[in-house]
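Down below is the structure, laid out as structure tokens.
Quick note on labels: first sequence line is chain A, next is B, and so on, each numbered from 1.
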Amino acid sequence: MAQKPSIPKGTRDFSPAEVAKRNYIINTIRQHFQLYGFQPIETPSFENLETLMGKYGEEGDRLIFKILNSGDYLKKADQKAYQEKDSTGLTASISEKALRYDLTVPFARYVVQHQNELELPFKRYQIQPVWRADRPQKGRFREFYQCDADVVGSKSLWQEVEFVQLYDAVFSSLGLEGVRVKINNRKVLAGFAEVIGESEKLIDFTVALDKLDKIGEEGVKNEMLEKGISAQAIAKIQPIFQLKGSFGEKIQGLAEILRTSEAGMEGVEELQFINNAIEQVGLEKSVLDLDVTLARGLNYYTGAILEVAAPDTVKMGSIGGGGRYDDLTGIFGLKNLSGVGISFGLDRIYLVLEELGLFPDEVTETTRVLFINFGEKEALYALGAVKNLRAAGIIAELYPDSAKMKKQMNYANKRGIPFVVLAGAEEMDEKTFTLKDMKKGDQRRVSFEQLLEQVQLKADVE
RNA sequence: GUGGUUGUAGCUCAGCUGGUUAGAGCGCCUGAUUGUGGUUCAGGAGGUCGCCGGUUCGAAACCGGUCUUCCACCCCA
């Protein structure tokens with residue numbers, strides 16, 4: 001055999017069954033987005049490099065896939081940067097486009113660019129692939145889909161409430177139980193930093209705090225020390241680690257810690273508002289949980305921060321996240337437009353559903369009836385029935401060649417087609433069909449009406 | 001980006017400290033069975049041992065590089 005072709009690392013091919021399952025998830029998400037009043041948009045796969053650079057922090061810039069300029073790009077290259085082997089400096093001169101890194105920044109760009117055509121508040125959803133030059137791991141790919149819903153132009157906390165409901169609705173609909181929607185607020189984090197007198201170290205502080213799950217309390221404290229946060233300061237926020245109990249109980253403890261911080265108390269009130277509303281309307285299968293260590297990487301969040309954790313039984317990173325970002329369009333020159341949104345990680349949700357066996361059988365079901373091909377006349381006779389079955393919404397097909405019976409039966413078997421129809425000279429004379437049930441192995445001579453009834457009947461029962 | 005790990009038939013994997021024609025199970029193809037698949041039986045096809053280079057009389061095995069897989073860190077869906 002010649003050398004097998006391959007695909008770049010972190011990318012995948014999807015088989016028919018995988019596409020069917022992915023579509024099942026996408027359709028469920030899309031359906032709920034629309035139920036909640038979001039409208040779809042799509043944006044290009046690649047943006048101008050400058051649209052993306054600097055929006056995701058230094059780490060993010062590194063992970064953006066840059067597209068090499070066309071033509072004789074070396075002529076226009078920054079010679080000084082080239083001589084000095086300064087890759088970062090050189091990039092700007094040889095690349096002016098890049099693959100989109102997420103859907104939020106392109107959305108911000110879209111809003112600013114089309115601001116005069118939009119009716120505010122604007123609720124949009126977007127389901128498209130994004131690319132990151134990351135090193136792949138379980139549930140981490142270099143090409144993956146995001147399913148985002150965002151609202152711009154409304155500061156109302158009812159939006160946050162609705163997003164929590166939306167998460168619950170989608171995951172409940174997918175049959176996923178025990179999903180934890182974790183919530184926090186940037187103002188609470190800012191409050192912590194203020195209370196301990198380390199406001200200028202907010203980012204380092206929150207990044208360390210975010211790792212509590214992984215490295216434990218001592219680990220977090222050590223990292224804070226390493227980042228130059230004083231031991232006294234760390235001692236002051238000790239109560240953070242003691243927050244326990246229900247949402248309400250944690251809120252009380254939190255209010256106690258943050259009582260001297262105006263920003264912090266604002267965050268507490270927002271959390272309280274959202275929790276009260278959710279308690280009133282109720283959730284189906286998910287729980288809303290206050291997690292004061294939740295920070296998430298993106299530094300454009302200014303209010304609520306959301307993250308969805310898969311059920312504890314599966315080891316998987318977050319399967320969704322989002323938050324409020326008051327200043328998002330500000331970076332493109334449009335001030336005072338508040339946005340809030342959430343994202344679903346399609347690829348990770350897929351892995352979770354697969355691991356828990358939650359895909360319904362009918363998702364991957366394809367052809368229901370296969371007609372055996374006995375030759376030209378018989379095929380024509382069969383094709384008439386195929387047409388009528390299709391008209392009734394039954395997926396039916398005629399085997400394209402009058403190959404050996406064994407081969408045709410085998411094809412039906414391998415593809416998991418539940419019914420096979422044999423129609424030769426006898427059946428044609430009688431205007432009947434021989435219908436074989438591949439699971440049971442029995443068969444009988446039937447009219448078209450009976451045939452239709454049989455295959456429909458089974459379809460409903462299963 | 002840092003450190004580690006993996007790659008042998010379509011799939012899952014054996015292959016001892018380097019030593020003839022590289023194996024198994026499953027799958028695939030053919031026949032027993034020219035209007036009957038999934039069971040059984042008989043036979044068969046299929047491998048530049050990821051790729052490039054080095055060490056050696058001799059490399060799937062040892063060394064270097066590279067690509068890929070998975071994992072930890074970083075970061076994140």
Side-chain angles (χ1 to χ4, degrees), chain A residues 1-12 25 29 56-64 87-88 100-104 127-148 203 207-208 210-211 214-215 219 223 294-299 306-310 315-322 341-352 370-375 378 399 402-428 433-445:
Chain A
M1 196 193 301
Q3 271 219 33
K4 277 180 210 165
S6 62
I7 53 176
K9 72 172 162 191
T11 65
R12 292 141 312 149
I25 300 172
I29 293 171
Y56 310 102
E58 213 173 297
E59 192 66 27
D61 284 354
R62 209 194 69 202
L63 297 177
I64 292 171
S87 303
T88 316
R100 69 164 164 255
Y101 178 88
D102 71 356
L103 301 177
T104 308
I127 300 176
Q128 291 191 281
V130 302
W131 294 270
R132 294 185 189 178
D134 204 356
R135 237 187 238 201
Q137 267 180 49
K138 184 183 183 185
R140 296 176 73 156
F141 307 98
R142 300 212 292 182
E143 177 184 62
F144 62 96
Y145 270 72
Q146 285 192 334
C147 313
D148 279 25
I203 300 287
V207 166
D210 194 37
K211 290 180 191 165
K214 212 175 231 174
I215 61 178
E223 179 159 334
L294 183 64
R296 294 174 55 79
L298 301 178
N299 36 26
L306 289 163
E307 186 170 290
V308 183
K315 207 175 157 240
M316 181 61 65
S318 67
I319 54 177
I342 59 170
S343 180
F344 289 80
L346 168 67
D347 300 270
R348 287 189 178 177
I349 293 169
Y350 182 103
L351 292 171
V352 170
L370 177 76
F371 283 72
I372 300 293
N373 189 328
F374 287 116
E378 293 89 344
Y399 194 86
S402 77
K404 281 183 185 164
M405 269 291 281
K406 183 180 172 122
K407 195 172 166 78
Q408 301 193 40
M409 293 297 288
N410 217 348
Y411 174 80
N413 204 44
K414 292 277 162 55
R415 284 204 39 202
I417 298 172
F419 294 103
V420 166
V421 171
L422 300 92
E426 268 189 49
E427 286 90 344
M428 285 169 71
F433 302 87
T434 295
L435 176 66
K436 180 173 174 110
D437 183 323
M438 292 297 276
K439 272 178 205 146
K440 288 187 195 154
D442 58 6
Q443 64 187 52
R444 62 193 185 98
R445 200 69 70 84

If we only count heavy atoms from C-beta on, is the [X] to [Y] side-chain gap below 4.5 Å?
{"X": "A:Gln408", "Y": "A:Val420", "answer": "no"}
{"X": "A:Phe141", "Y": "A:Arg132", "answer": "no"}
{"X": "A:Arg348", "Y": "A:Arg140", "answer": "yes"}
{"X": "A:Val207", "Y": "A:Glu223", "answer": "yes"}
{"X": "A:Tyr145", "Y": "A:Pro129", "answer": "yes"}
{"X": "A:Arg142", "Y": "A:Trp131", "answer": "no"}
{"X": "A:Tyr56", "Y": "A:Asp102", "answer": "yes"}
{"X": "A:Ile372", "Y": "A:Phe374", "answer": "yes"}

> Do A:Arg140 and B:C75 have a side chain to base donor-acceptor pair shorter than 3.5 Å?
Replying inline: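 Present.
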Pick the [atom1] atom in [N] and in [M], then give their distance to the nearest Å.
{"N": "B:A60", "M": "B:C16", "atom1": "C1'", "result": "14 Å"}
{"N": "B:U33", "M": "B:A14", "atom1": "P", "result": "41 Å"}
{"N": "B:C41", "M": "B:G50", "atom1": "P", "result": "34 Å"}
{"N": "B:C28", "M": "B:G23", "atom1": "P", "result": "23 Å"}
{"N": "B:U8", "M": "B:G47", "atom1": "P", "result": "15 Å"}
{"N": "B:U40", "M": "B:G27", "atom1": "P", "result": "8 Å"}
{"N": "B:C11", "M": "B:G7", "atom1": "P", "result": "14 Å"}
{"N": "B:A59", "M": "B:U20", "atom1": "P", "result": "12 Å"}

> Using Watson-Crick and G-U wobble pairs with both distances under 3.5 Å, what is the 5'-to-3' dot-bracket string of RNA chain B, with [ ] for crossing pairs and | for pairs outside the strand?
Replying inline: ((((..(..((((.....[...)))).(((((.......))))).....(((((..]....))))))..))))....
What is the separation between atom [atom1] on [X] and atom [atom2] on [N], rounded to the nearest whole Å?
{"X": "A:Tyr101", "N": "B:C76", "atom1": "OH", "atom2": "C1'", "answer": "6 Å"}
{"X": "A:Asp148", "N": "B:C76", "atom1": "CG", "atom2": "C1'", "answer": "14 Å"}
{"X": "A:Lys440", "N": "B:U36", "atom1": "NZ", "atom2": "C1'", "answer": "18 Å"}
{"X": "A:Ile215", "N": "B:A72", "atom1": "CD1", "atom2": "C1'", "answer": "14 Å"}
{"X": "A:Met409", "N": "B:U39", "atom1": "CE", "atom2": "P", "answer": "13 Å"}
{"X": "A:Asp134", "N": "B:C73", "atom1": "CG", "atom2": "P", "answer": "13 Å"}
{"X": "A:Arg348", "N": "B:A77", "atom1": "CZ", "atom2": "C1'", "answer": "5 Å"}
{"X": "A:Ile64", "N": "B:C75", "atom1": "CD1", "atom2": "P", "answer": "17 Å"}

> What closest approach, in Å, do A:Ile417 and A:Met438 show between heavy atoms, and which atom pair accounts for it?
Replying inline: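 Result for this residue pair: O-CG, 3.5 Å.
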Identify all pairs in which a protein N or O lies below 3.5 Å from an N or O of nucleotides 29-35 of chain B, and state each distance.
residue : atom : partner  : partner atom : Å
B:G31   : OP1  : A:Lys404 : NZ           : 2.6
B:G35   : O6   : A:Glu427 : OE1          : 3.1
B:G35   : N1   : A:Glu427 : OE1          : 3.3
B:G35   : N1   : A:Glu427 : OE2          : 3.1
B:G35   : N2   : A:Glu427 : OE2          : 3.2

> Which one, B:G37, B:C74, B:C75, comes nearest to the side chain of A:Asn413?
Replying inline: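 For the A:Asn413 side chain, the nearest candidate turns out to be B:G37.
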>> Between A:Asp134 and A:Pro136 (side chain of the first, backbone of the second, donor and acceptor by atom type, cut-off under 3.5 Å), is there such a pair?
In response: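 Not confirmed, A:Asp134 side chain does not pair with A:Pro136 backbone.
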Grab the N/O contacts between the protein and nucleotides 65-70 of chain B below 3.5 Å, and write none if there aren't any.
residue : atom : partner : partner atom : Å
B:U69   : OP1  : A:Gly10 : N            : 3.3

Would you classify [X] as touching base, sugar-phosphate or nothing, given that sugar-phosphate means primed atoms plus P, OP1 and OP2, and contacts are heavy atoms under 4.0 Å?
{"X": "A:Gly139", "result": "base"}
{"X": "A:Lys211", "result": "sugar-phosphate"}
{"X": "A:Ser318", "result": "sugar-phosphate"}

> In Å, rounded to the nearest 0.5 Å, how long is the span from CD of A:Gln128 to CZ of A:Phe144?
Replying inline: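 Rounded to the nearest 0.5 Å, the CD-CZ separation comes out at 13.5 Å.
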>> Return the CD to CD1 distance between A:Glu307 and A:Ile319, rounded to the nearest 0.5 Å.
In response: 10.0 Å
> By centroid distance (under 5.5 Å) and plane angle (under 30°), are A:Phe344 and B:A77 in a stacked arrangement?
Replying inline: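 Taking the rule of under 5.5 Å and under 30°, the ring of A:Phe344 does not stack on B:A77.
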>> Take a 6.0 Å sphere around OH of A:Tyr350 and say whether it holds more than 12 heavy atoms from other residues, nucleotides or ligands.
In response: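 Buried by this count: over 12 neighbours within 6.0 Å.
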